[in-house]
Amino acid sequence: QSILTFVEKAAHKLLSEKVYKQTQTWLNTTNKIFYKFISCQFLDACIIGVSSTILLSILNVKFAVTLGILLGINMIPYFGSIFASIVAGVITLFTGGVTQAITVLLVLLILQQIDGNIIGPRIMGDALNVNPILIIVSITIGGAYFGVLGMFLAVPVAAIIKIIVSEWLNESKENDKIVDSIES
């Protein structure tokens, strides 16, 4: 038997039916959110990789495809793209000179700003039903308090918190309607 099967059977035995079903619902919801998050990160990485490769090719940078792939695999918001841009700048410095390296760094900086502030939050926001501004704020807070891991996990955690608060508010509204109908 797998560990998950064991945990599920144990939870079913230990928890009441209502708590078990609620727990199962929350675990499924959390699983879906993390799946969507990883899918969005992958899509964003592909967009950045292709865009970077095209821009570096236009600038006649040697190893444009390899550097584009490196720039694309930045699953950690902000931090990964900064590191990859620096590596691309250093490689361009040695293969194309100072002027080309500065141009590459400026172009990548602009691309990363567009991605980090428009494309990435838009993709995440649409998939997770979270406002793009909330995504930017959650990444900033996650990074400030929990470092690189906090930046990576901030968006799915914010999405889960949003769902919890929304359901709590909806429960409160339903309870208020019941109380109002009883009082009438």
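Sequence positions, counted from 1, serve as the residue numbers for this chain. Since the model is a prediction, treat every value here as computed from it, not as a measurement.
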Knowing that exactly one of Thr103, Thr92, Ile54 qualifies, which makes a side chain to side chain contact (heavy atoms under 4.5 Å, CB included) with Leu59? Thr103
Exercise: identify the closest heavy-atom pair between [X] and [Y]:
X: Ala88; Y: Leu108; answer: CB-CD1, 3.9 Å
X: Ser52; Y: Leu111; answer: OG-CD2, 3.4 Å
X: Asp44; Y: Ile119; answer: OD1-CG2, 3.8 Å
X: Pro121; Y: Ile136; answer: CG-CG1, 3.8 Å
X: Met151; Y: Gly143; answer: CG-CA, 3.2 Å

Are the side chain of Ser138 and the backbone of Ile135 linked by a donor-acceptor contact shorter than 3.5 Å? yes
Hydrophobic cluster membership, with links at side-chain heavy-atom distances under 4.5 Å among I/L/V/M/F/W/Y: are [X] and [Y] in one?
X: Ile102; Y: Phe63; value: no
X: Ile38; Y: Leu153; value: yes
X: Ile133; Y: Val130; value: no
X: Ile160; Y: Ile139; value: yes
X: Val107; Y: Val87; value: yes

Determine whether Leu43 and Ser39 satisfy the following criterion, side-chain contact (heavy atoms from CB on, under 4.5 Å), listing intermediate values before the conclusion. CA-CA 6 Å; Leu43 175 62; Ser39 299; over 6 Å; no
Quick one: are [X] and [Y] in side-chain contact, heavy atoms under 4.5 Å?
X: Leu56; Y: Val104; answer: yes
X: Ile48; Y: Gln112; answer: yes
X: Lys162; Y: Asn129; answer: yes
X: Ser85; Y: Leu71; answer: yes
X: Lys36; Y: Met124; answer: no
X: Val155; Y: Phe34; answer: no

Taking only residues at least two apart or on different chains, which pairs with a member in residues 18-32 satisfy salt bridge (Lys or Arg N to Asp or Glu O under 4.0 Å)? Glu17-Lys21
From [X] atom [atom1] to [Y] atom [atom2], the distance as rounded to the nearest 0.5 Å:
X: Thr29; Y: Ile164; atom1: OG1; atom2: CD1; result: 9.5 Å
X: Thr95; Y: Asn60; atom1: OG1; atom2: CG; result: 11.0 Å
X: Ile161; Y: Leu134; atom1: CD1; atom2: CG; result: 9.0 Å
X: Gln100; Y: Leu93; atom1: CD; atom2: CG; result: 10.0 Å
X: Ile141; Y: Phe146; atom1: CD1; atom2: CZ; result: 10.5 Å
X: Ile118; Y: Ile123; atom1: CD1; atom2: CD1; result: 12.0 Å

What do you reckon, are the aromatic ring centroids of Phe37 and Phe152 less than 6.0 Å apart? yes
Which residues share a ring-ring contact (aromatic ring centres under 6.0 Å, His included) with Tyr35, sequence neighbours left out: none
List the steps and the verdict of side-chain contact (heavy atoms from CB on, under 4.5 Å) for Glu8 and Gln24. CA-CA 9 Å; Glu8 185 176 349; Gln24 200 172 30; 3.6 Å; yes
When you look at Ser81 and Asp115, which way does the side-chain contact (heavy atoms from CB on, under 4.5 Å) test go after all the steps? CA-CA 10 Å; Ser81 59; Asp115 177 59; over 6 Å; no
